[in-house]
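To keep things clear, I will list the structure first and then write my remarks on it.
Labels below follow one simple rule: chain letters A, B, ... track the order of the sequence lines, proteins then strands, and each chain is numbered from 1.
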There are 2 protein chains.
Amino acid sequence: MAFLETFQTPSYPIHSEPASPAGRRSAGFQAVTLFPAGTEIYAQGEKSDCLYKVEFGAIRIYRLLADGRRQISAFHLAGEIFGFEAGNTHHFFAEAICATGVRVLRTASRQNEFANELLPVALQGLVRAQEHLLVLGRQNAVERIAAFLMDMSERQGGLTRIELSMSRTDIADYLGLTIETVSRVFSKLRQKGVIRLPSLRSVEITKWQTLQDLAA
Amino acid sequence: MAFLETFQTPSYPIHSEPASPAGRRSAGFQAVTLFPAGTEIYAQGEKSDCLYKVEFGAIRIYRLLADGRRQISAFHLAGEIFGFEAGNTHHFFAEAICATGVRVLRTASRQNEFANELLPVALQGLVRAQEHLLVLGRQNAVERIAAFLMDMSERQGGLTRIELSMSRTDIADYLGLTIETVSRVFSKLRQKGVIRLPSLRSVEITKWQTLQDLAA
DNA sequence: CGCAGGTTTGAGCACCCTCAACGAATGTGG
DNA sequence: CCACATTCGTTGAGGGTGCTCAAACCTGCG
């Protein structure tokens, strides 16, 4: 991480104050680090001794097969905590999707002290992953996209206008599809008037109910 | 690990004890309940106030879509703990696959006390789920079956002879395939001499290296 | 022995992937 | 400011993997 700038906490202008008790009480040293788009936060096999909180921006967690196939297991948006690992080495890669501020929480070595606060967050991640298994295992392309858009909308406060920080390739690798299929489904939903595409990275949901039906 | 050790009283004359009444006095109260094959342990939407440990047998965790499609997110074999939930209602169904003994742990209401010991178990489940996402999102039928067989073998001590407690339907719903495809891949692997099928529910891995290559 | 549930095998088709070309958006250097 | 390169996204044609539908085959069990 040598190439990255590091700031001390309170002076950072953009983000709002941390509300999470976990963030506060872990105390000790907390730095917000800026990761430019596409840069690595940690890699598979690296030693795991920190947790991270997204202050602004977005990150992707993924794994690779030997031949290069990639599966993104989760996106994490502003406010979310990531970096949990069983054992002390990372099983996944983490990268910034866009310019992203990450607060480093030095708690892993003292994980026991904060287990009370971390357990609910870990369980939240577990439920999310298991629900995503249903999407990948049993839903077709349209259902996957619909579920994805609903999820992103909810995580952005239920707004009808969604700002996607990730590329079509990222979406494809998250949903177990190809970029062509993702693009085709977007076009199809647009043609049917379910969504509008004001720009490449933003989506407006115009027929909420229809989208919800498609996601089921 | 004081808490976990108390689970490991391996003394079962199996009394099907009503899991409901009196014994709420301490977290030490533990009943082993026998669930016959196919019976429900808990259902989606039910209140979640227990954790469970498989003493013998096997269970499946799954979720349903409105039209009946099912995705099994995990199998739990003897010795494993399940029943973690975010919030206090179950998001999934749990059923016994075969006759199964389950130890009921009355800890959820006092989860904070045991967070230190539960967190690693929860994280283990999280890693498993995320690795399974790679299988469902990016691997073909042969790779999925190969990965499944490798996993089951490892969880049974690395033996070449695997006893499958679950049906083809369960395997299909775990791997995001149909029973026909599962059956076809099994046959194909048998024809190629990679596995033998001594009986319906047991598999013998004859070419370990080949199977491992296929799983990649 | 006969039934029932689970498993295997086959034929045809649908959905999604592959390969390819084109169009749009962004950045760079002249 | 434009020409160009590069990356990203869209659209089309064709093919393959796995699904659907259907029938036959076990295998355990009454």
Would a 4.5 Å heavy-atom cut-off, applied to side chains only, mark [X] and [Y] as touching?
X: A/Leu136; Y: A/Arg144; result: yes
X: B/Ile162; Y: B/Gln156; result: yes
X: A/Ser73; Y: A/Arg60; result: no

Point-to-point distance, once rounded to the nearest 0.5 Å, from SG of A/Cys98 to CD of A/Glu163: 11.5 Å
Rounded to the nearest 0.5 Å, how far does CG of A/Leu118 lie from CZ of A/Phe84? 5.0 Å
Atom pairs under 3.5 Å, N or O on each side, protein against nucleotides 22-27 of chain C: can you list them with distances?
none

Within 45° of the six-membered ring axis of A/Phe186 and under 6.0 Å from that ring's centre, is NZ or CZ of A/Arg168 located there? yes
With sequence neighbours left out, write down each residue that passes side chain to side chain contact (heavy atoms under 4.5 Å, CB included) with A/Lys47, or none if nothing qualifies. A/Asp49
For A/Ala94, what residues pass the side chain to side chain contact (heavy atoms under 4.5 Å, CB included) criterion, not counting sequence neighbours? A/Ile41, A/Tyr42, A/Ile61, A/Phe82
Just jot down the side-chain hydrogen bond (donor to acceptor under 3.5 Å, both in side chains) partners of A/Ser167, sequence neighbours excluded, or say none. none
Donor-acceptor under 3.5 Å (B/Glu80 side chain, B/Leu77 main chain): yes
Check each residue of residues 134-145 of chain A for a non-hydrogen atom within less than 4.0 Å of any atom in DNA chain D, then write out the ones that pass by number, or none. none
Could you state the [atom1]-[atom2] distance from [X] to [N], rounded to the nearest angstrom?
X: A/Lys188; N: D/dT10; atom1: NZ; atom2: P; result: 16 Å
X: B/Leu197; N: D/dT27; atom1: CG; atom2: P; result: 11 Å
X: B/Gln191; N: C/dG10; atom1: CD; atom2: C1'; result: 13 Å
X: A/Asp67; N: C/dC17; atom1: CG; atom2: P; result: 15 Å
X: A/Met166; N: D/dC8; atom1: CE; atom2: C1'; result: 16 Å
X: B/Asp170; N: C/dG6; atom1: CG; atom2: P; result: 10 Å

Check nucleotides 2-4 of chain C against the protein and report each pair of N or O atoms closer than 3.5 Å, with its distance, or say if there are none.
none

Salt bridge (charged side-chain N to carboxylate O under 4.0 Å, His left out) pairs touching residues 180-196 of chain B, sequence neighbours excluded, are B/Arg196-B/Glu204
Salt bridge (charged side-chain N to carboxylate O under 4.0 Å, His left out) contacts touching residues 61-73 of chain B (sequence neighbours left out): A/Glu131-B/Arg63, A/Glu143-B/Arg69, B/Asp67-B/Arg69, B/Arg70-B/Asp170, B/Arg70-B/Asp173
Terminal helix-axis angle for the helix from C/dC1-D/dG30 to C/dG30-D/dC1, with five pairs defining each axis and rounding to 10 degrees: 30°
Please give me every residue in residues 172-187 of chain B whose heavy atoms get under 4.0 Å of an atom in DNA chain C, ordered by residue number. B/Glu180, B/Ser183, B/Arg184, B/Ser187
Using the test ring pair (Phe, Tyr, Trp, His ring centres under 6.0 Å), find all partners of B/Tyr62 that sit at least two apart in sequence or belong to another chain. B/Phe93
Considering only residues two or more places apart or on different chains, which pairs with a residue in residues 206-216 of chain A satisfy side chain to side chain donor-acceptor pair (under 3.5 Å)? A/Gln209-A/Asp213
From the list B/Ile205, B/Leu214, B/Leu197, side-chain contact (heavy atoms from CB on, under 4.5 Å) partner of B/Leu189 resolves to B/Leu214
For the residue pair A/Tyr174 and A/His132, is the inter-centroid distance of their aromatic rings smaller than 6.0 Å? yes
